[in-house]
K.L.:
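The structure follows.
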Amino acid sequence: MPPIKGKVKGSQGGSTLKVSKARGQRTSVVGAKVTVKDDESVTEAGEAHGEEWMQAKTLIKPEDQLELSEEELKEEFTRILTANNPHAPQNIVRYNFKEGCFKQTSHVDQLAIHFSLDGNMIHKDSDEARRQKAKYGATEGFLEKKWSAVASEQAISEAGGEGKEEGEGEGEKEEGEDGEKRDEDTTPAPGGSEAKLTNQFNFSERASQTYNNPYRERGSQTEPPPRANFSSTANQWEIYDAYMEDLEKQEKAKEKKAPTKKDDDKTRKKLTALETQSDDISRIGNASKIIERMVNQNTFDDVAQDFKYWEDVSDEYRDQEGTCLPLWKFTYDKAKRLAVTSLCTNPKYKDLFAVGHGSYDFMKQTRGMVLCYSMKNPSFPEFIYPTDSGVMCLDIHPEHPYLVAVGFYDGSVGVFNMTKQDTKPLYQSTAKTGKHTDPVWQVAWQKDDLDNNLNFFSVSSDGRVTSWTLVKNELTYTDVIQLKLDDVPQEGPEGTQLTPLGCGTCFDFHKQTDYLFLVGTEEGKIHKCSKAYSSQFLDTFDAHHMAVYSVQWNYFHPKIFISCSADWSVKIWDHTYKKGPMFTFDLGSSVGDVAWAPYSATVFAAVTADGKVHVFDLNINKYEPICEQAVVQKKKTKLCHIAFNPSHPIILVGDDRGYVTSLKLSPNLRKYPKDKKGNPLNQGPEFEIGKMDKLLALVREPPSTTEKN
């Protein structure tokens, strides 16, 4: 260790001493007297006894310290302590729903928690305390000794305090003697236990004055909850039925709980857990649907307002033209690449409609899907039924709206039940049960047979029109008619003759006459058929030059039907008039579908491959559509199908991208007969038939000219 060098100035400032000693010596300076001794000796300076804390200390001022006068030193600075948090934000803004704007909040939370500790104490004689004693090995004797030691220490401290008070009243001599005895009593012997101090912390009482927050009262007035009085009488048989139902539930619960093996117990526990979960989900299922529809109604509020109240005012200034207002657009992520192959509205629930998804590209056939949408929830379908084969057509039963008949690309037909959670069809045909060998292009429900069995018809490009009957758990089929061509039979192997069959693409049954139906073919012909004759047609119309895509009877007039084709034309026919169509319209593009309006005998709509919707009203214009509107982008998307809503002035349009668009018809497209005051008249079907007969009379040739010819 290097030698120590120090420079010390005395109190008078005249003597200076430099000390440089080797290791093992100490230097002490007090006043002007300096002594230097070895480590073994004790340093004495002045009259002190060698304690450093008793030596005089000199104050050294730093060089940058301010020099203040006495007045400045005695000046008082007052600071008020408040309970406000300086770091708390003072400009918090929240949205006021009442006034519809953002407002600054006056109340700011000023509380700052620096330390928080949660604890609990229990009584030593409680059951919990005994359990803890037994658990952690604390015996009662040890605890009693500990508590007695603490009590004795407290007694000693109190006795010491009393002795101190008595000693103060006596003389100096007695005080000295008592002090020595007290020191002997209180000072513990080396190696002995120290007396525990009663107060181990320095306590100082402090107080501060804070602001009191003003009190605020808030009140709100609500409507009282609705009340209803209910009263009923309980008869003996009602009580008996209630007890019997409860007894059946108990028996079912016992059957579920009956244990057989350990594995069975585990599986049953899992099943019961799943059942309880499904029960819980089903309980909130209805409420969640309502909430979802409310959210969608708020999201699409402008569309809902247009659906309910919008009327095109410009229709008043144009008599023979109308418009279509786009409303909701229905789509599903997993069906975006699948074309809309069929549309069908529900006859009972007017807001519900079914959509079939498949593919018209026969080189790229993958999967299909049946979706059921509601106009109350356009964001997500109500029911989803995925299929292995593409869906080509579907139809909803008019009396049982939960049954949906479906035709597939692989030639099979099926029936789905929307009330069941199973995504597989309730009935489905197979190769053994007579399924078609080509795609099924259309299905249609018919009235129940004589045995009250449900049945529907199907048409396929294999040339068969087949009736399917739902009997117990299977589908039974009957071929109603085969679409034979007029060509000469071809010779087959071993001299057999093969009759070529036409390809059926669509059909429709008469609205009043049950046995009468029409069948459109890929060759462009339309056959009028009867359920009673399976070997021949009642009549054949050379309707189109290309495939017939749709044929439909008029809702009101019993003789009129309409057809559309890929040859760009829409034709209106009278099935009793054999000299040709009554009206022909060229739409300039392949016509995918056509549909009569359910509210008028003279209004129909068609969709074309160039993405346009054409709406005709023959009573207003017999030559051109009164509305021609593009719904999708040209050259990218083709419109495939169209359907009228049975109660609302809305049409549904499906395209080959999987989208379904809803359009609202303007007043000119849905004109109703009115009286002189302008009120609508409900004339019934006879009035509609009369309107159509007037148009047909203008088109038909007079009888005299026909006889001469």
Side-chain angles (χ1 to χ4, degrees), residues 329-344 353-373 381 383-396 404-416 423-425 428-431 435-444 458-463 503-507 520-522 546-550 564-566 589-595 606-611 631-643 652-661:
K329 202 168 189 177
F330 301 88
T331 180
Y332 182 52
D333 291 338
K334 296 182 179 179
K336 280 186 177 179
R337 297 182 181 179
L338 300 175
V340 176
T341 56
S342 183
L343 281 173
C344 184
F353 62 93
V355 184
H357 289 276
S359 177
Y360 287 123
D361 188 356
F362 302 141
M363 302 300 293
K364 297 179 181 179
Q365 285 292 327
T366 54
R367 57 186 175 85
M369 197 168 290
V370 177
L371 303 177
C372 293
Y373 288 99
F383 303 100
I384 302 171
Y385 299 99
T387 59
D388 297 332
S389 179
V391 176
M392 306 308 294
C393 55
L394 55 83
D395 189 31
I396 300 176
V404 181
V406 180
F408 298 99
Y409 178 80
D410 61 358
S412 62
V413 294
V415 178
F416 288 89
T423 57
K424 294 181 180 180
Q428 188 169 8
S429 63
T430 60
K435 77 169 189 176
H436 295 279
T437 56
D438 279 354
V440 180
W441 290 107
Q442 193 167 353
V443 292
S458 65
V459 63
S460 172
S461 51
D462 62 357
C503 299
T505 55
C506 56
F507 69 159
T521 63
E522 196 170 343
M546 297 179 71
V548 181
Y549 283 159
S550 178
C564 68
S565 171
S589 182
S590 176
V591 185
D593 195 8
V594 68
V607 290
T608 54
D610 57 355
V631 179
V632 293
Q633 294 180 357
K634 192 176 181 181
K635 296 181 181 179
K636 289 187 177 182
T637 308
K638 299 178 182 179
L639 297 181
C640 303
H641 288 276
I642 188 170
L652 301 172
V653 179
D655 56 35
D656 60 352
R657 298 292 181 92
Y659 292 93
V660 178
T661 307

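Just so you know, residue 1 is the first one in the sequence shown, and it goes up from there.
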K.L.:
Does C564 offer a backbone N or O that forms a donor-acceptor pair with the side chain of S550 under 3.5 Å?
P.N.:
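It does not hold such a pair.
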
K.L.:
Taking atom CD1 of I384 and atom NZ of K334, what is their separation to the nearest 0.5 Å?
P.N.:
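I384 atom CD1 to K334 atom NZ measures 7.5 Å (nearest 0.5 Å).
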
K.L.:
Taking all heavy atoms of G611 and all of L639, pick out the closest pair and write down the distance.
P.N.:
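So the minimum-distance heavy-atom pair works out to C-CD1, 3.5 Å.
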
K.L.:
Test H436 against every option in S412, S461, S458 by the side-chain hydrogen bond (donor to acceptor under 3.5 Å, both in side chains) rule and name the one that passes.
P.N.:
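Among the candidates, only S458 passes.
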
K.L.:
Work out which heavy atom in A606 is nearest to a heavy atom in I642; give both atom names and the distance.
P.N.:
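Closest heavy-atom pair between A606 and I642: N-CD1, 4.4 Å.
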
K.L.:
Pick one: which of V355, V406, V340 meets side chain to side chain contact (heavy atoms under 4.5 Å, CB included) with V391?
P.N.:
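Only one of V355, V406, V340 forms a side chain to side chain contact (heavy atoms under 4.5 Å, CB included) with V391, namely V406.
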
K.L.:
Using side-chain contact (heavy atoms from CB on, under 4.5 Å), reason through Y360 and K638 one step at a time and then give a plain yes or no.
P.N.:
CA-CA 11 Å; Y360 287 123; K638 299 178 182 179; over 6 Å; no

K.L.:
For the CG atom of L394 and the OG1 atom of T341, what is their distance to the nearest 0.5 Å?
P.N.:
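L394 CG to T341 OG1: 7.0 Å, rounded to 0.5 Å.
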
K.L.:
Between V660 and F353, is any pair of side-chain heavy atoms under 4.5 Å apart?
P.N.:
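Yes. Closest side-chain heavy atoms under 4.5 Å.
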
K.L.:
Do the non-hydrogen side-chain atoms of K435 and F408 ever get within less than 4.5 Å of each other?
P.N.:
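The answer is no, as the side chains (C-beta and beyond) never meet within the 4.5 Å cut-off.
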
K.L.:
Which heavy atom in V459 sits nearest to a heavy atom in G504, and how many Å separate them?
P.N.:
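That closest heavy-atom pairing would be CG2-CA, 3.9 Å.
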
K.L.:
Do you see a donor-acceptor pair shorter than 3.5 Å between the side chains of S460 and D462?
P.N.:
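There is such a pair between these side chains.
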
K.L.:
Begin from the C-alpha positions of T637 and D656 and carry the test side-chain contact (heavy atoms from CB on, under 4.5 Å) through to its verdict.
P.N.:
CA-CA 6 Å; T637 308; D656 60 352; 3.3 Å; yes

K.L.:
Determine whether P386 and T423 make a side-chain contact, defined as any pair of heavy atoms from C-beta on separated by less than 4.5 Å.
P.N.:
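With C-beta onward as the side chain, the pair touches.
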
K.L.:
Checking side-chain contact (heavy atoms from CB on, under 4.5 Å) for the pair C393/V440: CA distance, chi angles, key distance, verdict?
P.N.:
CA-CA 7 Å; C393 55; V440 180; 4.0 Å; yes

K.L.:
Using 0.5 Å steps for rounding, measure from the OH atom of Y373 to the CG atom of L343.
P.N.:
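Here the interatomic distance stands at 10.5 Å.
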
K.L.:
Looking at Q365 and S359, would you say the former's side chain and the latter's main chain have a donor-acceptor pair under 3.5 Å?
P.N.:
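Checked: pair present.
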
K.L.:
Search all heavy atoms of I396 against all heavy atoms of A354 and return the closest pair with its distance.
P.N.:
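For I396 and A354, the tightest heavy-atom pair comes out as CD1-CB, 3.9 Å.
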
K.L.:
Under the ring pair (Phe, Tyr, Trp, His ring centres under 6.0 Å) test, which residues partner Y549, sequence neighbours left out?
P.N.:
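Applying ring pair (Phe, Tyr, Trp, His ring centres under 6.0 Å) to Y549 gives none.
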
K.L.:
Any non-hydrogen side-chain atom of Y409 less than 4.5 Å from a side-chain atom of F362?
P.N.:
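The answer is yes, as the side chains (C-beta and beyond) meet within the 4.5 Å cut-off.
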
K.L.:
Would you indicate whether the side-chain heavy atoms of R367 and L338 approach each other to under 4.5 Å?
P.N.:
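A side-chain contact under 4.5 Å exists here.
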
K.L.:
Strictly distance-based, threshold 3.5 Å: is any side-chain N or O of S589 a donor or acceptor partner for the main-chain N or O of T608?
P.N.:
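Judged by distance alone, no pair lies under 3.5 Å.
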
K.L.:
Using the ring pair (Phe, Tyr, Trp, His ring centres under 6.0 Å) criterion, which residues pair with Y659? Sequence neighbours excluded.
P.N.:
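Partners of Y659 by the ring pair (Phe, Tyr, Trp, His ring centres under 6.0 Å) criterion come out as none, since no residue qualifies.
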
K.L.:
Quick check for you: to the nearest 0.5 Å, what is the distance between T366 atom OG1 and D388 atom CG?
P.N.:
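Going from the OG1 atom of T366 to the CG atom of D388 covers 10.5 Å.
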
K.L.:
With sequence neighbours excluded, tell me which residues meet side chain to side chain donor-acceptor pair (under 3.5 Å) with T387.
P.N.:
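Once residues adjacent in sequence are excluded, T387 has no partner under the side chain to side chain donor-acceptor pair (under 3.5 Å) criterion.
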
K.L.:
Nearest 0.5 Å, please: how far is CE in M392 from CD in Q442?
P.N.:
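It comes to 12.0 Å.
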
K.L.:
Measuring centre to centre across the rings, with the benzene-like ring taken for any Trp, is F416 within less than 6.0 Å of F383?
P.N.:
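Judged by ring-centre distance (under 6.0 Å), F416 and F383 do not meet the cut-off.
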
K.L.:
Once rounded to the nearest 0.5 Å, what's the spacing between atom CZ of F330 and atom CG of L652?
P.N.:
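Here the interatomic distance stands at 7.0 Å.
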
